[in-house]
Amino acid sequence: MVRRPVAWIVAVVLFGEGLGIAALNWFLGVVVDRQDMSLAGLDPHMMSVSSKIGGIAFGLYFALCGLVALLVALRDRPPAGFGRVLLISTAVVHGLLGAFTWGLVGWPAFLFMVLVLGLVVLLLMTYDRPAEPAGAAPRDGTGGDGSPVTSPPAPTTP
């Protein structure tokens, strides 16, 4: 099946993206700190610290989403509860980032964001089908003992 490889790929991409976002924002914070210029009266040190904190927070968010995808790949079970919410939120974030990067960065960054969005949605959709219970009747029209399955009588009105 395609479920586990997609989950592994999503985990690796999200871990890499988390590390890249954190490193990029840390670098931008260092650049702002070394320029020692004010932007509309804002404190440059505060802008530098804010960039570093935001980068670490956003990087940890992507790393947490990557951890959820990694657990899905290891367990081969669908994400549930908070993990599913995290994966849905990262799909929404990649959709929004894709829209912004089209205008600000260009189409290669847009394609990357759409690719990650597609991978996360594929991960969510491949695990969407619930597994059949152990006592469920087979779909070939027979009961568990080989006898034909009949529908109940239709209700009648008096």
Side-chain angles (χ1 to χ4, degrees), residues 1-140:
M1 289 287 275
V2 74
R3 297 186 315 186
R4 289 185 90 170
V6 167
W8 281 107
I9 291 170
V10 168
V12 168
V13 167
L14 287 176
F15 282 133
E17 199 171 6
L19 183 64
I21 289 287
L24 176 68
N25 278 312
W26 192 272
F27 173 73
L28 291 175
V30 169
V31 168
V32 167
D33 200 26
R34 288 186 180 166
Q35 282 186 349
D36 202 28
M37 296 188 311
S38 176
L39 179 68
L42 294 174
D43 181 27
H45 179 69
M46 186 59 65
M47 290 189 318
S48 170
V49 170
S50 300
S51 175
K52 291 175 183 178
I53 291 172
I56 290 172
F58 212 44
L60 287 176
Y61 165 72
F62 278 137
L64 184 62
C65 294
L67 179 66
V68 170
L70 181 67
L71 290 175
V72 167
L74 290 174
R75 296 177 182 166
D76 198 22
R77 290 192 329 215
F82 186 65
R84 186 167 180 85
V85 170
L86 273 176
L87 288 177
I88 291 171
S89 70
T90 197
V92 170
V93 165
H94 279 90
L96 291 172
L97 286 176
F100 289 132
T101 57
W102 176 269
L104 297 175
V105 180
W107 64 268
F110 170 76
L111 288 179
F112 175 74
M113 288 297 157
V114 171
L115 176 72
V116 176
L117 169 66
L119 284 172
V120 172
V121 170
L122 183 63
L123 171 67
L124 289 167
M125 295 303 292
T126 55
Y127 282 99
D128 201 26
R129 291 187 206 146
E132 289 189 24
R139 296 181 186 256
D140 61 358

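The first residue of the sequence shown is numbered 1, and numbering continues consecutively from there. Worth saying up front: this structure is predicted, and the values here are computed from it rather than measured.
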Between Leu124 and Pro79, what is the shortest heavy-atom contact and its length?
-> CD2-CG, 4.2 Å
Check: Leu119 and Leu123 side chains under 4.5 Å, non-hydrogen atoms | no
Give the minimum heavy-atom separation between Ala91 and Val121, together with the two atoms involved.
-> CB-CG2, 4.4 Å
Which atom pairs, donor and acceptor, lie under 3.5 Å between side-chain atoms of residues 39-60 and protein residues at least two apart or in another chain?
from	atom 1	to	atom 2	distance (Å)
Ser48	OG	Gly29	O	2.8
Ser50	OG	Met46	O	2.7
Ser51	OG	Asn25	O	2.9

Could you state the interatomic distance from CG (Leu71) to CG (Asp76), rounded to the nearest 0.5 Å?
-> 12.5 Å
Leu64 vs Leu86, side chain to side chain contact (heavy atoms under 4.5 Å, CB included): CA-CA, chis, key distance, verdict = CA-CA 8 Å; Leu64 184 62; Leu86 273 176; 3.6 Å; yes
Value rounded to 0.5 Å, distance of CD in Glu17 from CG in Leu24 | 11.5 Å
In this structure, are over 12 heavy atoms from other groups packed under 6.0 Å from Arg77 atom CZ?
-> no
Side-chain contact, heavy-atom cut-off 4.5 Å: Val68 with Phe82?
-> no
4.5 Å side-chain heavy-atom contact, Trp8 and Leu70 = yes
Nearest atoms (heavy-atom pairs only) where Ala69 meets Val10 | CB-CG1, 3.8 Å
Do you know which two heavy atoms are closest between Gly66 and Phe15, and how far apart they sit?
-> C-CZ, 3.6 Å
Could you tell me the separation between the CG atom of Leu14 and the CD1 atom of Ile21, rounded to the nearest 0.5 Å?
-> 11.0 Å
Would you give the length of the straight line joining atom CG of Leu117 to atom NE2 of His94, rounded to the nearest 0.5 angstrom?
-> 8.0 Å
Can you label the angle between the Trp102 ring and the Phe110 ring as parallel, tilted or perpendicular, going by 30° and 60°?
-> perpendicular
